[in-house]
Amino acid sequence: HRRAPNLRRVRGANFHSRYMRSRTGSGGRYSDHPCHSEADEVMHAVGSRPGFGTGNNGYARFRGANGSTAYAEDIAIGERRTLQCAATALFCGFVLVVTGLSVMWSADYTSVKLRVVAGYDEIVDRWTDVYAPEFGNTRFDVVVGDVAVTASATHDVTPIDTASGNTHDYFPIAFELGSLLEEIAIPGLRGNETLGLPADGWGDEVLENAKETDGDETREHATPVLTPEQERAVFEYLTTPREVFVRAYSPLATRARNESSDVLTSETPENFVDVSLGARALVTKTEKKSNGWKPCKYQHGGFFRGGMCTTYTVLDTLCVKVSVDRVSGVWGANSTYGGAGCDPRREWEIETRAMTRAPPSGADLTLATIRHLGHGRVVVRSAFDPLIAARNITDGSMFFAETQASQSAGAVVLLVVGCACLVPGVILGIPFASRAWRGREMLRNTRGARRGTGGHTHEEEFDDIV
C-alpha cells in the first residue's frame, strides 16, 4: 500500500515520456524511437499537413481522392502561371523586336549620313576652289567711332563629325579682333582728357616685355586705382551703345569704286565698304522686378534691393558672316539661313552676351572686374565657309544625321530588350511545346492503331499528357 504511489509515479513518468501520443494521433513520439533518423522526422512532420493521412509506420500518405485532387490542382495552377509568364515574355519580346526593326529601317542612318556628307563635300570643294582665295585676300578692320583696328587672320579648326573619314578637308579662314574692350575702348578711355584717368599704372611696360620674351599677349592687364567718380564715368562710357562697323578692303571693292581703271597698282587708292553690326554696348545694366532675393541672386546673379533685381551682362562675341556681290564687288552682311550671325543655336544673331554676377555691395561693376572678364571678341566669317554650312546642316551640333543616329540608338536598345525578353519566354515555353508535340505524336499513333495501321497505344503513355 505504501509503495503503490511511488510505482504509479515512476510508471506514469516512463509511460508519459515514451508513449505520449502526438498531436496528429500517429502513435509514439518519433524522437524516442530507437531507429529514429532525421529523414523519418521530416516525413513525420509532413503528415501534419491538412488533407493527408498517416500509415501504420507514421509516414504521411495521400488521403484518398480529395488529397490527390488538391495536389493536382496546385500543379495545374503552377503550370498555368508558368505558361502565362512564357506567353507574356514572348509577346513583349516579339513586339519590341518588331518595333526596333521598324524604327531602324525608317531611320536609315547610313544612307542619310552619306547623302548629307556628300552635299557637305561639295561645299568644301567649292570653298577651296573659289571662295577661300577671295575671302583670304580681303582686309577687314573693326571700326568704332573714329578708331579702326585691323582684324587678324585665324585658322582655328572647329571639330566636325568626319563620318568615318569620308569628309573632305579644307583650310579654314576667319578674321578676328581679340577684344573690343582692350583694343578700342581702353585706348579711348585713356585718351579722353575729360575723364582724367591716371596715365600710369596700366602695366604697359610689363605687357610689352611679356610679348617680347614669351609672346604672351593674353596676360591680364593691370588697372590703376580709380576714384569713385572716375569709376562711375567709366561705367557710363562702357554702357553707352556705339555703332560697330566691319570695314572691308578688297580688290573687288577697289575695282568697283575705280571704274576707270581695271588694273590695280600700288598707287591706286584703297577703298572700303563698311558693314554695320549695329549699336552695341560693352556692358549692360538691367533692373526688373523680382519675387525675392533668392531668385535674383541664385538664378540671375543679380543684386536685390527694394523688390528690384539688378543684373549685368557683358558683350561676349560679335560674329558676322559676309559675302561679296559679284556685279558691284561690294561686301555686305549675309542673312542666309535666317540671320547674319554664325550660330543657329543663337538663332543666327550677331551678338552673344554673357551674364556676370553683380557685386554684393550693390555698387556697379568696376573697370578692373570688367577687364578681368576679357570679353568683346569680333569674328568675321565668309557666308560660304564650310563651318557655317556644317552648323546649318547639323543645327549647331556638328554631328551629321544626329536625329537618325538617335533613332538608330533607340532601335538598338529596343532590340536588345526584346531579345532579353524572348530568352526566358523560350526557356519557359520549351517544356510545354515538347509536351504538345509528344501528345500530337501519341494521338496520331493512337488513331493509326485504331485504323489498323500498325500503331500501338498504352494507357500509361497518356499519364504525362494529362
Side-chain angles (χ1 to χ4, degrees), residues 79-128 156-172 319 321 336-339 341-349 352 381 383-437 440:
E79 290 185 350
R80 284 198 298 269
R81 291 176 179 176
T82 304
L83 183 60
Q84 291 174 357
C85 292
T88 303
L90 290 174
F91 177 77
C92 294
F94 176 77
V95 171
L96 291 175
V97 169
V98 171
T99 304
L101 293 175
S102 176
V103 172
M104 183 171 291
W105 177 267
S106 61
D108 199 11
Y109 168 69
T110 303
S111 61
V112 171
K113 187 168 187 176
L114 291 177
R115 183 171 62 254
V116 172
V117 169
Y120 172 77
D121 288 340
E122 294 180 359
I123 296 174
V124 171
D125 296 338
R126 185 68 173 172
W127 163 263
T128 303
D156 295 336
V157 178
T158 302
I160 300 177
D161 175 35
T162 57
S164 301
N166 295 326
T167 56
H168 295 178
D169 295 330
Y170 81 101
F171 186 69
C319 185
K321 60 180 187 291
T336 307
Y337 310 132
C342 306
D343 195 346
R345 293 172 297 183
R346 302 287 184 179
E347 298 182 354
W348 302 105
E349 292 288 338
T352 302
R381 293 190 178 275
F384 304 100
D385 192 334
L387 176 63
I388 301 297
R391 287 178 176 176
N392 178 65
I393 294 172
T394 63
D395 292 332
S397 66
M398 306 304 292
F399 186 89
F400 294 116
E402 182 181 19
T403 302
Q404 288 73 17
S406 301
Q407 293 177 355
S408 298
V412 171
V413 173
L414 291 176
L415 291 175
V416 171
V417 176
C419 293
C421 291
L422 289 177
V423 170
V426 171
I427 294 176
L428 294 175
I430 285 177
F432 296 96
S434 176
R435 184 181 301 177
W437 176 260
R440 180 181 178 183

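Note that the numbering runs from 1 along the sequence shown for the chain.
- The CG atom of Asp343 lies 5.0 Å from the CZ atom of Arg391; values are rounded to the nearest 0.5 Å.
- No hydrogens or angles considered: nothing links the side chains of Asp125 and Thr128 as a donor-acceptor pair under 3.5 Å.
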CA sep, side-chain torsions, deciding dist, call: Leu415, Met104, side-chain contact (heavy atoms from CB on, under 4.5 Å): CA-CA 10 Å; Leu415 291 175; Met104 183 171 291; 4.1 Å; yes
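- Between Cys421 and Ala89, the closest heavy-atom pair is O-CB, 3.4 Å.
- Ser408 OG to Trp105 CH2: the interatomic distance, rounded to the nearest 0.5 Å, is 12.5 Å.
- Annotation for Tyr337 and Ala389: closest pair OH-CA, 4.3 Å, computed over non-hydrogen atoms.
- In this structure, CZ in Arg81 is found 14.5 Å from CG in Leu428, a value given to the nearest 0.5 Å.
- The residue from Val117, Thr110, Val116 that alone fulfils the side chain to side chain contact (heavy atoms under 4.5 Å, CB included) condition with Lys113 is Val117.
- Checking side-chain atoms of Lys321 against main-chain N and O of Asp385 turns up no donor-acceptor pair under 3.5 Å.
- Of the possible donor and acceptor atoms, none in the side chain of Ser434 sits under 3.5 Å from a partner among the backbone N and O of Ile430.
- Atoms CD1 and SG, on Ile388 and Cys342 in that order, are 4.5 Å from each other to the nearest 0.5 Å.
- Using the six-membered ring where Trp is involved, Tyr120 and Phe400 have ring planes that are tilted, between 30° and 60° apart.
- Checking side-chain atoms of Asp121 against main-chain N and O of His168 turns up a donor-acceptor pair under 3.5 Å.
- Open room surrounds CZ on Phe91; 12 or fewer heavy atoms of other groups in view lie less than 6.0 Å from it.
- The closest side-chain heavy-atom distance from Trp348 to Asn392 is below 4.5 Å.
- Using a 4.5 Å heavy-atom cutoff, the side chains of Arg381 and Leu387 are in contact.
- We find the SG-CD distance between Cys319 and Glu349 to be 12.5 Å, quoted to the nearest 0.5 Å.
- At distances below 3.5 Å, at least one donor-acceptor pair connects side-chain atoms of Trp127 with backbone N or O atoms of Phe171.
- Of the possible donor and acceptor atoms, one in the side chain of Thr88 sits under 3.5 Å from a partner among the backbone N and O of Gln84.
- Here the closest heavy-atom approach between residue Leu422 and residue Leu90 is recorded as CD2-O, 3.7 Å.
- The heavy-atom pair separating Thr394 from Ala390 by the smallest distance is OG1-O, 2.7 Å.
- Annotation for Gly100 and Ala411: closest pair O-CB, 3.3 Å, computed over non-hydrogen atoms.
- The only member of Leu96, Val97, Val95 that meets side chain to side chain contact (heavy atoms under 4.5 Å, CB included) when paired with Thr99 is Val95.
- Here the closest heavy-atom approach between residue Gly429 and residue Ala86 is recorded as N-CB, 4.0 Å.
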